[in-house]
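A short worksheet on the structure shown next.
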There are 2 protein chains.
Amino acid sequence: MSTPTTGQRQYAKTPGQRARILDAAMAVFARRGERGASLREIAERVGMSQAGVLHHFGSKNALLLAVLDRFDQEDQPGHPLLTIDESVAFVREELVQGLQRPGLFQLQITLAAESIDPAHPAHDFFVDRYRRVTSQFVEPLDAAAASGGLRDDVDTTALAHLVMGAMEGLQLHHALNPEVDTVASFDLLLDVLAEAFIVSSTPDQV
Amino acid sequence: MSTPTTGQRQYAKTPGQRARILDAAMAVFARRGERGASLREIAERVGMSQAGVLHHFGSKNALLLAVLDRFDQEDQPGHPLLTIDESVAFVREELVQGLQRPGLFQLQITLAAESIDPAHPAHDFFVDRYRRVTSQFVEPLDAAAASGGLRDDVDTTALAHLVMGAMEGLQLHHALNPEVDTVASFDLLLDVLAEAFIVSSTPDQV
DNA sequence: ACAAAAACCTAGCGCATATTCGGTTTCTTG
DNA sequence: CAAGAAACCGAATATGCGCTAGGTTTTTGT
């Protein structure tokens with residue numbers, strides 16, 4: 001009765017294998033989307049058979065959900081974002097890192113666009129995700145507006161959507177044309193917004 | 001010898017049928033993407049068999065290209081955009097109309113995201129398209145900068161990418177969460193940019 | 001009115017896919 | 001070291017896809 005009814009025995013290398021499958025699945029889903037991705041291609045990358053992959057994740061759908069779960073954790077901030085500066089720094093850092101690890105952003109854009117279709121298996125996930133991320137962004141803005149750090153006539157919701165939208169739209173352009181400098185454009189936006197809306201005790205640091 | 005060797009006879013209702021097929025294909029491609037779309041679903045919408053659709057367009061690929069062709073024409077400006085005001089007005093009008101005709105934008109986002117994959121049949125189209133649209137936007141900006149209508153230290157390319165990226169990113173969010181007010185966020189961007197960069201002889205009209 | 005071609009349809013082919021099934025190997029635990 | 005289960009694999013199944021083949025109906029110019 002050491003590992004009883006819950007008995008989920010597991011080999012030592014199993015977590016590693018699952019991780020390798022997730023790596024491959026992320027890359028393939030990012031490139032081809034869920035609809036264009038095949039278990040065969042994922043299995044090939046891992047050096048395993050289709051059936052082997054399914055042994056670990058049960059179905060393509062479950063594999064997709066596991067990928068989304070991991071993706072959600074990887075781009076979650078380590079600590080709550082309380083101030084505007086923290087939020088901005090976090091989101092900008094994401095954009096910068098996206099240049100060296102294009103997979104994450106590509107996964108996001110590819111799957112999010114596919115998920116517009118209500119019949120898509122990730123539809124609910126992305127609908128919920130955008131709501132969460134938006135409120136994560138609106139809250140510090142509202143807090144700043146309340147404490148006088150922001151002009152109080154600003155539509156914080158519109159502002160949050162603008163920043164998030166710009167980030168992903170730029171990323172989409174960059175994916176199609178690598179010459180597009182996402183960070184330059186995004187910084188342009190941040191500078192202009194700061195100049196227009198932030199009420200700083202110290203003068204602006206452009 | 002009235003319609004000789006080039007003899008492409010056509011029934012009277014054929015153009016109408018082709019148009020109806022294109023309508024259906026646009027809607028289905030917009031919802032499901034190219035990979036998720038099936039000729040069967042398109043044919044059903046038209047009230048025709050799969051083979052009937054193929055009789056008119058030859059292959060799914062050719063149908064996709066026909067859709068892209070039409071799409072490109074529909075959102076092309078009627079006249080060249082020479083000034084910033086014209087460009088901004090045009091792109092903003094597109095956004096407003098997108099609310100009443102979501103199909104066009106959804107088609108654009110869905111297919112563009114799918115097209116990140118170099119193996120996608122529309123890859124070349126979207127790579128080229130973004131280049132074209134960007135330069136269409138950069139040109140009036142450069143002209144304005146040259147004639148003193150714009151602050152001359154502005155990175156016009158980054159600016160153009162920002163505006164285009166924001167537009168599409170917002171549209172993606174809106175597609176997933178209709179509560180997102182794309183026009184409000186976009187106007188926010190335009191106002192802030194105008195205030196920051198446009199050198200107007202008359203004072204700004206917020 | 002008549003032939004000829006366009007505009008369809010039904011049926012089926014070949015292929016790729018996700019998933020299942022039964023067996024074999026590999027590891028873990030007592 | 002010896003069960004026994006986990007971790008695989010090869011093969012088969014069912015489904016959906018784009019596309020083709022061949023025939024029938026509808027429209028057309030003469």
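The chains referred to below are lettered A, B, ... by the order of the sequence lines, with proteins before strands, and numbering in each begins at 1. Remember, predicted model here, so these are calculated numbers, not experimental data.
If you take CZ of Arg40(A) and P of dG10(D), they are 12 Å apart, rounded to a whole angstrom. Atom CZ of Arg20(B) is separated from atom C1' of dC8(C) by 13 Å (rounded to the nearest Å). A straight line from CD of Gln50(B) to C1' of dC17(D) spans 8 Å, rounded to a whole angstrom. Rounded to whole Å, atom C1' of dG16(D) lies 17 Å from atom CZ of Arg35(B). If you take OH of Tyr11(A) and P of dA6(D), they are 8 Å apart, rounded to a whole angstrom. In this structure, CZ of Phe29(B) is placed 12 Å from C1' of dG18(D), rounded to the nearest angstrom. Counting to the nearest Å, the P atom of dA6(C) and the CE atom of Met48(B) are 16 Å from each other. Taking atom NZ on Lys60(B) and atom C1' on dC17(D), their separation rounds to 8 Å, with Å as the unit.
Within the 3.5 Å criterion, the main-chain N or O of Ala196(B) finds a donor-acceptor partner in the side chain of Arg151(B). Looking at Glu93(A), its side chain never comes within 3.5 Å of a backbone N or O of Ala89(A) through a donor-acceptor pair. The backbone N or O of Val180(A) sits nowhere less than 3.5 Å from a side-chain atom of His161(B) that would complete a donor-acceptor pair.
For the side chain to side chain donor-acceptor pair (under 3.5 Å) with Arg129(B), the lone residue among Asp72(B), Asp124(B), Thr134(B) that qualifies is Asp72(B).
Looking at heavy-atom distances under 4.0 Å, Ala43(A) makes no contact with the nucleic acid at all. Residue contacts for Ala62(A): at a heavy-atom cut-off of 4.0 Å it reaches no nucleic acid atom on any strand shown. Among the atoms of the strands shown, only primed sugar atoms or phosphate atoms (P, OP1, OP2) are found under 4.0 Å from some heavy atom of Gln17(A).
Contact between the side-chain N/O atoms of His55(A) and the OP1/OP2 oxygens of dC9(D) is not found at any separation under 4.0 Å. In this model, the phosphate group of dG29(D) is not approached by any side-chain N or O of Arg9(B) to a distance below 4.0 Å at OP1 or OP2. When the side-chain nitrogen and oxygen atoms of Ser49(A) are compared with OP1 and OP2 of dC8(D), none of them lie within a distance under 4.0 Å.
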Q: Would you please test Arg20(B) and Gln17(B) for side-chain hydrogen bond (donor to acceptor under 3.5 Å, both in side chains) and show each step?
A: CA-CA 5 Å; Arg20(B) 288 182 59 227; Gln17(B) 290 286 74; 2.7 Å; yes
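Remark on DNA chain D: of its neighbouring residues Leu54(B) and Thr14(A), the 5'-side contact belongs to Thr14(A), judged by nearest-heavy-atom nucleotide.
Nearest to the side-chain atoms of Ala51(A) among the listed nucleotides dC8(D), dA7(C), dT20(C) stands dT20(C). Comparing dT19(C), dT27(D), dT17(C) by their nearest atom to the side chain of Lys13(B) picks out dT27(D).
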